[in-house]
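Everything numeric here is computed off the predicted structure, so don't read it as measured data. Both backbone and side-chain heavy atoms feed into the values below; hydrogens, waters and symmetry mates do not.
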Amino acid sequence: MAFLAITLFVALVAFGRDYFGWHDPNGQVQIALICAFIFGIIAGLKAKG
């Protein structure tokens with residue numbers, strides 16, 4: 001599951017602009033993706049115990 005999450009994260013950061021067509025001149029969408037990934041890791045670790 002972790003490998004799938006990392007793969008999807010890298011794909012979205014690298015190719016998300018082309019695939020979804022978003023315009024992100026300031027890089028805010030990529031920052032949001034990175035923060036969501038980090039917060040997901042933290043939440044997963046806390047839920048795990």
Side-chain angles (χ1 to χ4, degrees):
M1 191 58 103
F3 177 74
L4 179 63
I6 291 171
T7 304
L8 287 172
F9 170 72
V10 170
L12 279 174
V13 170
F15 305 110
R17 182 178 300 139
D18 298 330
Y19 186 74
F20 292 109
W22 63 57
H23 300 286
D24 189 25
N26 296 330
Q28 292 179 348
V29 173
Q30 287 187 342
I31 291 172
L33 286 170
I34 292 168
C35 289
F37 188 74
I38 291 171
F39 294 150
I41 291 172
I42 292 169
L45 291 174
K46 285 190 174 253
K48 194 178 204 181

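A continuous path of ILVMFWY side-chain contacts below 4.5 Å connects L45 to F37, so both sit in one hydrophobic cluster. When hydrophobic clusters are built by joining Ile, Leu, Val, Met, Phe, Trp and Tyr residues whose side-chain heavy atoms come closer than 4.5 Å, directly or via intermediates, L8 is not grouped with I31.
In this structure, the side chains of Y19 and L12 stay at 4.5 Å or more apart for every pair of heavy atoms.
Applying the ring pair (Phe, Tyr, Trp, His ring centres under 6.0 Å) rule to F39 yields no partners; only residues at least two apart in sequence or on another chain are considered. Remark: I38 pairs with I34, I42 by the side chain to side chain contact (heavy atoms under 4.5 Å, CB included) rule, at least two apart or across chains.
Across all their heavy atoms, V13 and Q30 have their closest contact at O-NE2, 3.0 Å. Nearest heavy atoms, F9 versus L33: CE1-O, 3.6 Å.
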